K.L.:
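Take a look at this one; I'll ask things after.
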Amino acid sequence: VVCWSALISGYTQNGQGEQALYCFECMLREGILPNAVTYTCVLKACALAGALDKGKHIHFEIINQGLLYNNVELGNALVDMYAKCGALANARNVLEKLSARNVITWNALISGYLQANECELALRCFECMQQEGVLPDAVTYISILRASAAFGALHKGIEIHKEVIQQGLLQDNVMIGTALVDMYAKCGVLSMAHDVIEQLPSRNVVTWSALIAGYADTLQGDEALNCFERMLYEGIFPN
RNA sequence: AGCUCAACCGG
């Protein structure tokens, strides 16, 4: 069962959901019984493949076998599977019933809401999780910045900006810096977007692209081109 | 052997 789980996991880590599910079928056909780790990988495969019905069936098996109790990783994979398949009511339901959940559980649900463009619900989850004493991490902030941008909630974005600085998260995470630049750009506050990118300890092609796109969207082609030149000057290659 | 995360374009 460990070998099969490792193989299934390998496929999911490369985004090959269908292949992973195929392996799972082979494993069952050989009479090998899956355990909690196997199911965690298979749920991720369902999420990748958008295989909601398959995922529901796995959910049923997990409940039947009593594997869910206090297994955070398995619960998280279940919430993520429903979220990625767009079954947000199921995702929230599972989250609420889990005996153990953590920041990753909430992050999975928040991402699901974002993917469905339910920015307001995503923002509400952010409040809920904190009310129950779960502290946001870098992934949470990145999602909430995206929600703020999509919802045009500049004030929320500024609030997150302050929090991120307080926690020193800008030092070691390019993606948060990029999400901040993108949030300001999408809210049309290009001066702030520019300020942020100047102060980042590190930035990459995605960070610059967010700023360039922001200038392009606001019809500031000259500024967009300036940024492009600066990016090249820094030795960052365009993609 | 296991869970969540950033830009642009097209569909």
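Chain identifiers are assigned alphabetically (A, B, ...) following the order of the sequence lines, protein sequences preceding nucleic acid strands; residue numbering begins at 1 within each chain. Since the model is a prediction, treat every value here as computed from it, not as a measurement.
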K.L.:
Measure from the side chain of A:A213, starting at C-beta and using heavy atoms only, and say which of B:rC5, B:rC8, B:rA1 lies closest.
P.N.:
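The answer is B:rC8.
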K.L.:
When you measure from the side-chain N and O atoms of A:Q13 to the phosphate of B:rG2, is any distance below 4.0 Å, counting only OP1 and OP2?
P.N.:
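Yes, because at least one side-chain N or O of A:Q13 sits under 4.0 Å from OP1 or OP2 of B:rG2.
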K.L.:
Output yes when at least one side-chain N/O atom of A:R146 is less than 4.0 Å from OP1 or OP2 of B:rA6, else no.
P.N.:
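It does, given that an N or O in the side chain of A:R146 lies less than 4.0 Å from OP1 or OP2 of B:rA6.
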K.L.:
Among B:rC3, B:rC5, B:rA7, which nucleotide sits nearest the side chain of A:E73?
P.N.:
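The nucleotide sitting nearest to the side chain is B:rC3.
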K.L.:
Can you name the closest pair of heavy atoms from A:C46 and A:C85 and give their distance?
P.N.:
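Scanning both residues completely, I find the closest heavy atoms to be O-SG, 4.1 Å.
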K.L.:
Within this structure, what is the CG-to-C1' distance between A:N102 and B:rU4, rounded to whole angstrom?
P.N.:
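In whole Å, B:rU4 C1' and A:N102 CG are 9 Å from each other.
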K.L.:
Starting at atom CD1 of A:I110, determine the distance to atom C1' of B:rU4, rounded to an integer number of angstrom.
P.N.:
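In whole Å, B:rU4 C1' and A:I110 CD1 are 10 Å from each other.
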K.L.:
Given B:rC3, B:rA1, B:rU4, identify the nucleotide with an atom nearest to the side chain of A:S5.
P.N.:
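Selected nucleotide: B:rA1.
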K.L.:
How many whole angstroms separate atom OH of A:Y113 from atom P of B:rU4?
P.N.:
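Atom-to-atom, A:Y113 to B:rU4, this comes out as 18 Å.
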K.L.:
Does anything in residues 220-239 of chain A reach RNA chain B, meaning a heavy atom under 4.0 Å, and if so which residues?
P.N.:
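A:N239 - these, ordered by number, are the residues of the stretch whose heavy atoms sit under 4.0 Å from the strand.
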K.L.:
Any chance you could lay out the salt bridge (charged side-chain N to carboxylate O under 4.0 Å, His left out) test for A:E234 and A:R230, step after step, and finish with the verdict?
P.N.:
CA-CA 6 Å; A:E234 283 185 2; A:R230 286 237 359 235; 3.7 Å; yes
K.L.:
Have a look at A:N71 and say if it touches a base, only the backbone sugar-phosphate, or nothing, with a 4.0 Å heavy-atom cut-off.
P.N.:
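Since a base atom lies under 4.0 Å of A:N71, the category is base.
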K.L.:
Which heavy atom in A:I110 sits nearest to a heavy atom in A:C125, and how many Å separate them?
P.N.:
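So the minimum-distance heavy-atom pair works out to CG1-CB, 3.5 Å.
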K.L.:
Using modelled atom types and a 3.5 Å cut-off, is there a donor and acceptor pairing between side-chain atoms of A:Q115 and backbone atoms of A:K84?
P.N.:
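Between the backbone of A:K84 and the side chain of A:Q115 there is a qualifying donor-acceptor contact (under 3.5 Å).
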K.L.:
Just checking A:L180: base, sugar-phosphate only, or nothing, at a heavy-atom cut-off of under 4.0 Å?
P.N.:
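Touches nothing.
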K.L.:
Taking only the side-chain heavy atoms of A:A6 (C-beta and beyond), determine which of B:rC5, B:rA1, B:rA7 contains the nearest atom.
P.N.:
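The closest nucleotide is B:rA1.
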K.L.:
Answer yes or no: does a side-chain N or O of A:K44 lie under 4.0 Å from OP1 or OP2 of B:rA1?
P.N.:
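No, no such contact exists.
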K.L.:
For B:rG2, take OP1 and OP2 only and decide whether either is under 4.0 Å from a side-chain N or O of A:S9.
P.N.:
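The answer is yes; a side-chain N or O of A:S9 sits under 4.0 Å from OP1 or OP2.
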K.L.:
Separation of A:I142 atom CD1 from B:rC5 atom P, in whole Å?
P.N.:
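That distance rounds to 10 Å.
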K.L.:
Between A:K156 and A:E159, is a salt bridge (charged side-chain N to carboxylate O under 4.0 Å, His left out) present by the stated rule, with each step listed?
P.N.:
CA-CA 5 Å; A:K156 192 72 192 172; A:E159 192 184 311; 3.2 Å; yes
K.L.:
Rounded to the Å, how far apart are A:N35 CG and B:rG2 C1'?
P.N.:
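Rounded to whole Å, this separation is 9 Å.
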K.L.:
Please tell me if the side chains of A:I160 and A:M183 come closer than 4.5 Å, counting only heavy atoms from C-beta onward.
P.N.:
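A side-chain contact is absent here, since even the closest heavy-atom pair is not under 4.5 Å.
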K.L.:
Taking A:Q16's backbone N and O only, do any of them form a donor-acceptor pair with A:N14's side chain (distance below 3.5 Å, no angle check)?
P.N.:
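Not confirmed, A:N14 side chain does not pair with A:Q16 backbone.
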K.L.:
Out of curiosity, A:Y215 OH to A:D222 CG, how far, rounded to the nearest 0.5 Å?
P.N.:
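One gets 9.5 Å once the value is rounded to the nearest 0.5 Å.
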K.L.:
Starting from C1' on B:rC5, measure out to CD on A:Q115 and report it in whole angstrom.
P.N.:
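Roughly 13 Å, once rounded to whole Å.
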K.L.:
Does A:K186 put a side-chain nitrogen or oxygen below 4.0 Å from OP1 or OP2 of B:rA6?
P.N.:
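A:K186 to B:rA6 OP1/OP2: no side-chain N or O under 4.0 Å.
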K.L.:
Which part of the nucleic acid, if any, lies within contact of A:A216, taking any heavy atom under 4.0 Å across all strands shown: a base, the sugar-phosphate backbone alone, or nothing?
P.N.:
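It contacts nothing in the nucleic acid.
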K.L.:
What about A:N76: does its side chain form a donor-acceptor pair under 3.5 Å with the base of B:rG2?
P.N.:
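No such pair is found, so the answer is no.
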K.L.:
Give a yes or no on whether a donor-acceptor pair under 3.5 Å exists between the nucleobase atoms of B:rA7, that is its base, and the side chain of A:N204.
P.N.:
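Result: no qualifying N/O pair found.
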K.L.:
How many Å lie between CD1 on A:I160 and P on B:rC5, as a whole number?
P.N.:
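To the nearest whole Å, that distance equals 18 Å.
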K.L.:
Rounded to whole angstrom units, what separation is found between the CE atom of A:M175 and the C1' atom of B:rU4?
P.N.:
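The answer, rounded to whole Å, is 10 Å.
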